[in-house]
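Have a look at the structure below before the remarks.
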Amino acid sequence: MVVTRFAPSPTGYLHLGNARTAIFSYLFARHYKGKFILRVEDTDLERSTKEYEKLLIDDLRWLGLEWDEFYRQSDRFDIYREYAQKLVKLGHAYECFCTPQELEEERERARTKGIPYRYSGKCRVLTKEEVETFKKEGKPYTIRFRVPDGETIVFEDLVKGHIAINVDDFGDFVIVRSDGTPTYNFVVVVDDALMGVTHIVRGEDHIPNTPKQILIYRALSFQVPKFAHLPVILGEDRSKLSKRHGAVSVRHYREEGYLPQALFNYLCLLGWSPKEEGKEIFSKEELISVFELKDVNDSPAVFSKEKLRWMNGVYIREVLSVEELTNYVEPFLRKAKYEFDRGYLVKVLERARDSFETLSEAPEKLEPFFVDHMELSQEAKSILENVKAQDILKFVLDNTSDSISGQKIKEIAKAAQKQLQVKPKDFWHVLRAALTGRLEGIGIDVLCDVLPKERFTKRIQRILELYQ
RNA sequence: GCCCCCAUCGUCUAGCCAGGUCUAGGACACCGCCCUUUCAAGGCGGAGAUCGCGGGUUCAAAUCCCGCUGGGGGUGCCA
């Protein structure tokens, strides 16, 4: 059975790159009817917080991800301790009493000499007695993994292909810190092995870690899983997408009024394209059925907010049902202090869902449906100051019966043009200015179909009074 | 510095593995036209890539091989 996992560390908001990794990992597992695990990697107690963990989980759920199992590494320290001891006992790891200062000096020396740094291995050769003495003295120590000399680790990456790295490139690395907490490269192996993870899907920045981890798999006689290293997501300047590119968290896009379905869909298209050419809009279910790791592109992709925006618009205007859309739009309008009942909003959206691309634009674009005492733009004012404006508006009021609709207003327009000798354009301009306070925006016939007659009349009367 | 990864329109990409059908296809953005009471949306059309560069292999290379250049990532008692 295929088992994948997403293993974020709760040290900040969920990053778009991580979100995509989670999605690919999830899709791959679901495609093969396997298991998807969420594992919070909080071994770095300094930087990890419960608050971020909560936000992380919340954003993952919002995106539409569900997991079959959940783990938190800070709950598993006993397990790691046990395996660290095992590695020491097997001779694959050893206690290291070097101080941070000593190590910094080693590093500095390598730098000045211009040679690549790796740990000297000073504590490799400590005798049992020396180790015991140091421990008794209370000297702090780390545990390092003993990297065998000269070996080349080879693995077939599911997206990158053949990768070979010589382990001489790095020295013996720390697997347990001096405060007793285990490090990433170690726990990730123990957990993935114990949890039965078969396919490790993660960012390509982890490629250099992979040989270290393979070494640990072997030392512990665990079966080595398959690896799939995803290319990173780039910012406009083609460097790794990060805070300095502006908004990079899922949370941000969520608050900006992007739909989870659209973000999910868009992220999938960054570095992956379906066999079926041309198709870009996919539901989660469709993605599950067509997604294959082998179709993932091996070159990095630039994140395009423009295209995300477009796709969000597609979801708003044609993919979601009106009911679903209503659920997403409502909070944004409530926040703008608009008053309405749900049924009215449904009617509005049935007709005007094609007027905005993000939910945060909805209050402004939909204002004509909700606000009777709107501000008048300069252009609208100058239109309404025109003498003909009064005639047109009076004519409209006089000819409005007990109800108003798009069809009716068009009939009135024709009659007005004939009787008052006004051009169609002028008629509509005046009416638009009076009804919406602006000269651009939603179709007046659409507005008339949705807006109750009393509000329609009220708005015109208000303008009539203002400009008489 | 050292190690690793990558390279098709501005951007996301198809094609590359099994070389000819590619005068390189699609999408976003851009431009124009149409629709129209405005802005959008929508429809139609346009512009945009000597397939990073240089060698090779071949009758034939975006596709295979080598080198270079460029970009990215890693080089922690972060993950």
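Numbers restart at 1 for each chain; the letters A, B, ... are given by sequence-line order, proteins then strands. FYI, side chains are in, hydrogens and waters are out, and symmetry mates aren't considered; it's all heavy atoms of this structure.
- Atom-to-atom, CD of A/E204 to P of B/A7 comes out at 11 Å; the value is rounded to the nearest Å.
- Across the protein-nucleic acid pair, A/K113 atom NZ and B/C2 atom C1' stand 16 Å apart, rounded to whole Å.
- For the salt bridge (Lys or Arg N to Asp or Glu O under 4.0 Å) criterion with A/D172, the lone passing option out of A/K212, A/R144, A/R124, A/R146 is A/R124.
- B/G74 sits 34 Å from B/C30 when the P atoms are compared, rounded to a whole Å.
- Considering only the side chain of A/K425, B/U38 comes nearest among B/C6, B/U38, B/C77.
- Nucleotide B/G1 forms a Watson-Crick or G-U wobble pair with B/U75, both donor-acceptor distances falling under 3.5 Å.
- One C1' atom belongs to B/C5, the other to B/G45, and the distance between them is 41 Å to the nearest Å.
- Atom-to-atom, CG of A/D157 to C1' of B/C17 comes out at 16 Å; the value is rounded to the nearest Å.
- Distance A/I165 CD1 to B/G74 P: 13 Å, rounded to the nearest Å.
- Contacts of residues 5-15 of chain A with RNA chain B (heavy atom under 4.0 Å): A/S9.
- Between A/V446 and A/D298, it is A/D298 whose nearest contact on RNA chain B lies nearer the 5' terminus.
- Here A/T183 does not reach the OP1 or OP2 of B/G76: none of its side-chain N or O atoms lies under 4.0 Å away.
- Per the geometry, NZ belonging to A/K279 stands 15 Å off P belonging to B/C28, to the nearest Å.
- Atom OH of A/Y71 and atom C1' of B/A79 are 20 Å apart (whole Å).
- Judged purely by atom type and a 3.5 angstrom limit, A/S360 has no side-chain atom pairing as donor or acceptor with the backbone of A/G257.
- Taking atom P on both B/C22 and B/A41, the two are 33 Å apart, rounded to the nearest angstrom.
- Comparing B/A62 with B/U50, their C1' atoms sit 12 Å apart, to the nearest whole Å.
- Comparing the same atom, C1', in B/G48 and in B/G10 gives a spacing of 9 Å after rounding to whole Å.
- Pairing for B/A40 is absent, judged as Watson-Crick or G-U wobble with the two contacts each under 3.5 Å.
- Ion pair A/E104/A/R111 flagged as a salt bridge, since at least one NZ, NE, NH1 or NH2 atom sits closer than 4.0 Å to an Asp/Glu carboxylate oxygen.
- Of the candidates A/S9, A/S48, A/S74, A/D42 forms a side chain to side chain donor-acceptor pair (under 3.5 Å) with just one, namely A/S74.
- Between the C1' atom of B/C5 and the CD1 atom of A/I153 lies a distance of 18 Å, rounded to the nearest Å.
- Note on A/R118: nothing from the nucleic acid sits closer than 4.0 angstrom, heavy atoms only.
- Nucleotide B/C53 forms a pair with B/G67, judged by Watson-Crick or G-U wobble geometry with both contacts under 3.5 Å.
- Both A/G161 and A/V174 sit near RNA chain B, but only A/G161 has its closest nucleotide nearer the 5' end.
- A salt bridge links A/E53 to A/K50: one of the charged nitrogens lies within less than 4.0 Å of a carboxylate oxygen.
- When only modelled atom types and interatomic distance are considered, A/E51 and A/T49 share no side-chain donor-acceptor pair under 3.5 Å.
- One finds no salt bridge joining A/D426 and A/K388 here, because no Lys/Arg side-chain nitrogen approaches an Asp/Glu carboxylate oxygen to under 4.0 Å.
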Give the B/S/- string for nucleotides 9-15 of chain B, one per nucleotide from 5' to 3', where a protein heavy atom under 4.0 Å of the base yields B, of only the sugar-phosphate yields S, and otherwise -. --SSSSS
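- Among the heavy atoms of the strands, none lies under 4.0 Å from A/N185.
- Residue contacts for A/C448: at a heavy-atom cut-off of 4.0 Å it reaches no nucleic acid atom on any strand shown.
- B/C35 and B/A47 have their C1' atoms separated by 23 Å, given to the nearest Å.
- Under the ring-ring contact (aromatic ring centres under 6.0 Å, His included) criterion, no residue pair touches residues 415-438 of chain A, with sequence neighbours excluded.
- The side chain to side chain donor-acceptor pair (under 3.5 Å) check on A/R202 picks up A/Y184, A/T210, A/Q213, A/H229, with sequence neighbours excluded.
- Using a 4.0 Å heavy-atom cutoff across all strands shown, A/P116 reaches at least one base atom of the nucleic acid.
- Counted within 6.0 Å of NZ on A/K414, heavy atoms from surrounding residues, nucleotides or ligands total 12 or fewer; the atom is thus considered open.
- Counting non-hydrogen atoms under 4.0 angstrom, A/L103 reaches a base of the nucleic acid.
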Interface polar pairs with nucleotides 39-46 of chain B, N/O, under 3.5 angstrom:
{"residue": "B/C39", "atom": "N3", "partner": "A/G441", "partner atom": "O", "Å": "3.4"}
{"residue": "B/G42", "atom": "OP1", "partner": "A/R317", "partner atom": "NH1", "Å": "3.4"}

Could you walk me through whether A/M311 and A/L269 pass the side chain to side chain contact (heavy atoms under 4.5 Å, CB included) check? CA-CA 11 Å; A/M311 189 169 282; A/L269 260 29; 3.6 Å; yes
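- Geometric assessment of A/K279 against the ring of A/F282 yields a positive cation-pi assignment under the 6.0 Å and 45° thresholds.
- Note on A/T43: only backbone sugar-phosphate atoms sit closer than 4.0 angstrom, heavy atoms only; bases stay farther off.
- Using a 4.0 Å cut-off between a side-chain N of Lys or Arg and a carboxylate O of Asp or Glu, A/E106 and A/R118 do not qualify as a salt bridge.
- As rounded to the nearest Å, B/U63 and B/C53 have P atoms that lie 11 Å from one another.
- Remark: B/C16 base-pairs with no nucleotide in the shown strands. Criterion, Watson-Crick or G-U wobble with two distances under 3.5 Å.
- Between B/A14 and B/A49, the distance separating the two C1' atoms is 14 Å to the nearest Å.
- Minimum interatomic distance between A/A93 and A/I143 (heavy atoms only, all atoms of both residues): CB-CG2, 3.8 Å.
- Between A/D78 and A/R81 there is a salt bridge, with a side-chain nitrogen of the basic residue lying less than 4.0 Å from a carboxylate oxygen of the acidic one.
- At a non-hydrogen distance threshold of 4.0 Å, nothing from residues 404-423 of chain A comes into contact with RNA chain B.
- Note on A/H206: a base of the nucleic acid sits closer than 4.0 angstrom, heavy atoms only.
- Between A/E280 and A/K307, at least one side-chain nitrogen of the basic residue sits less than 4.0 Å from a carboxylate oxygen of the acidic one, meeting the salt-bridge criterion.
- In terms of phosphate contacts, A/R144 brings no side-chain nitrogen or oxygen within less than 4.0 Å of OP1 or OP2 of B/G76.
- Across all strands shown, B/C30 forms a Watson-Crick or G-U wobble pair, both distances under 3.5 Å, with B/G46.
- Put simply, CG on A/N209 is 10 Å from C1' on B/U75, counting in whole angstrom units.
- Taking 4.0 Å as the cut-off between side-chain N and carboxylate O, A/D205 and A/K240 count as a salt-bridged pair.
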